[in-house]
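This report concerns only the one structure given below.
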Amino acid sequence: MNVRRPSGTRLLRGAAAAVVAIAAVAIAVRAAPQAAPSSSLNTSKTAWQLPRLGTSGELSLASLRGHPVVVDFFASWCYACQGELPGMATVSAQLKGKVTFVGVNSQETGDGMAMAQHYGIGWWPLAADRGGAEDSGLRDNLGAAVMPVTAFYDATGKLLDVVPGAISQADLKTRLHDLFGVAA
């Protein structure tokens, strides 16, 4: 009995086909829709509602009415965010009870909650940005194409200012005084 063995070319073709099949499955799994976001997800710049970061539930702009609100968009990979967060944390602690600071983890590729804890903003209300091209729906709707971004809302939820890029501690204090009449 003469058993015919596959040639080297056939083995290579078979291996290549297997690699292509595995790659196709991996791409399909990555592209599959993630768990459906909450039905109340809203990334409107004046009525946003986002999932909380690190816990269940949602955070909405409407729930923060009564005090001026500063929303800081950050990501663990963002060096400019790392530079501004210590000053932001200091000012927020000085104005606790007068101005509400909120962190929105946007375009995250790492661990946003760990970053918030590391930079001392873990006590802020924290949310995860959703929607948009890169989990950046609210940030995108604010018209900011960079990170970080800081948005300032009055006590009624009216958007007053958006600052693209890092904001220094001194500039933050000036804007808080000019927009809200508070001093840190």
Side-chain angles (χ1 to χ4, degrees), residues 34 37-38 40-55 57-65 67-96 99-176 178-180 184:
Q34 302 300 317
S38 166
S40 58
L41 174 70
N42 183 351
T43 58
S44 163
K45 63 184 176 183
T46 57
W48 52 264
Q49 186 164 350
L50 298 169
R52 287 193 176 265
L53 181 65
T55 187
E58 296 170 344
L59 180 64
S60 68
L61 179 59
S63 71
L64 302 170
R65 288 200 176 134
H67 291 288
V69 177
V70 176
V71 180
D72 185 62
F73 292 79
F74 69 93
S76 63
W77 54 264
C78 172
Y79 291 113
C81 301
Q82 295 169 21
E84 83 169 0
L85 280 176
M88 191 84 63
T90 298
V91 172
S92 69
Q94 293 169 348
L95 294 175
K96 194 171 188 175
V99 176
T100 301
F101 282 74
V102 174
V104 176
N105 191 222
S106 185
Q107 295 185 296
E108 188 58 69
T109 59
D111 189 347
M113 191 62 180
M115 182 178 185
Q117 296 297 337
H118 177 79
Y119 286 99
I121 63 166
W123 61 273
W124 293 1
L126 299 172
D129 205 354
R130 292 292 179 255
E134 301 174 292
D135 279 340
S136 57
L138 177 54
R139 189 206 67 155
D140 294 346
N141 288 337
L142 288 169
V146 300
M147 286 288 283
V149 176
T150 307
F152 297 85
Y153 292 87
D154 72 10
T156 67
K158 179 182 177 188
L159 181 62
L160 301 178
D161 196 12
V162 176
V163 178
I167 186 170
S168 70
Q169 186 172 345
D171 189 21
L172 176 63
K173 287 180 175 184
T174 299
R175 286 177 192 269
L176 291 169
D178 293 349
L179 293 171
F180 306 136

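Residue numbers run from 1 in the order of the sequence given. Quick note: numbers below take in every heavy atom, side chains included, and nothing from hydrogens, waters or symmetry partners.
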Are any non-hydrogen side-chain atoms of [X] and [Y] less than 4.5 angstrom apart?
| X | Y | result |
| --- | --- | --- |
| Asp161 | Leu179 | yes |
| Val102 | Val70 | no |
| Trp77 | Gln107 | yes |
| Arg175 | Ile167 | yes |
| Met88 | Thr150 | yes |
| Leu59 | Leu64 | yes |
| His67 | Val99 | no |
| Glu84 | Asp72 | yes |

>> Using the rule given for side-chain hydrogen bond (donor to acceptor under 3.5 Å, both in side chains), can you reason through Asp111 versus Ser76, listing the C-alpha separation, both sets of side-chain angles and the distance that settles it, and then say yes or no?
In response: CA-CA 6 Å; Asp111 189 347; Ser76 63; over 6 Å; no

Nearest heavy atoms of [X] and [Y], plus distance in Å:
| X | Y | value |
| --- | --- | --- |
| Gln94 | Ala184 | OE1-CB, 3.2 Å |
| Ala116 | Phe74 | CB-CZ, 4.2 Å |
| Cys78 | Met115 | O-CE, 4.3 Å |
| Phe180 | Leu160 | CE2-CD1, 3.7 Å |
| Ala127 | Leu50 | CB-CB, 3.9 Å |
| Ala151 | Leu159 | CB-CD1, 4.1 Å |

Supply the atom-to-atom distance [X] [atom1] to [Y] [atom2], rounded to the nearest 0.5 angstrom.
| X | Y | atom1 | atom2 | value |
| --- | --- | --- | --- | --- |
| Thr46 | Tyr153 | OG1 | OH | 7.5 Å |
| Leu85 | Ser92 | CG | OG | 9.5 Å |
| Arg130 | Asp135 | CZ | CG | 4.5 Å |
| Asp140 | Thr43 | CG | OG1 | 8.0 Å |
| Cys81 | Tyr119 | SG | OH | 9.5 Å |
| Phe73 | Met147 | CZ | CE | 8.0 Å |

>> Taking the six-membered ring of Trp124 as reference, does the cationic atom of Lys96 (NZ for Lys, CZ for Arg) lie under 6.0 Å from its centre and within 45° of its axis?
In response: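 No, Lys96 and Trp124 do not form such a contact.
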
Is it true that a side-chain atom of [X] and a backbone atom of [Y] form a donor plus acceptor pair closer than 3.5 Å?
| X | Y | result |
| --- | --- | --- |
| Asn105 | Asp129 | no |
| Glu134 | Ser136 | no |
| Arg65 | Thr156 | yes |

> Is there a side-chain contact (heavy atoms from CB on, under 4.5 Å) between Lys173 and Val91 once you walk through the steps?
Replying inline: CA-CA 7 Å; Lys173 287 180 175 184; Val91 172; 3.9 Å; yes

> After noting the C-alpha distance and the side-chain angles of Val163 and Phe152, does the key distance pass the side-chain contact (heavy atoms from CB on, under 4.5 Å) rule?
Replying inline: CA-CA 8 Å; Val163 178; Phe152 297 85; 3.8 Å; yes

>> Using the rule given for side-chain contact (heavy atoms from CB on, under 4.5 Å), can you reason through Leu95 versus Leu176, listing the C-alpha separation, both sets of side-chain angles and the distance that settles it, and then say yes or no?
In response: CA-CA 10 Å; Leu95 294 175; Leu176 291 169; 3.5 Å; yes

>> Arg52 vs Leu126, test: side-chain contact (heavy atoms from CB on, under 4.5 Å). Steps then yes/no.
In response: CA-CA 6 Å; Arg52 287 193 176 265; Leu126 299 172; over 6 Å; no

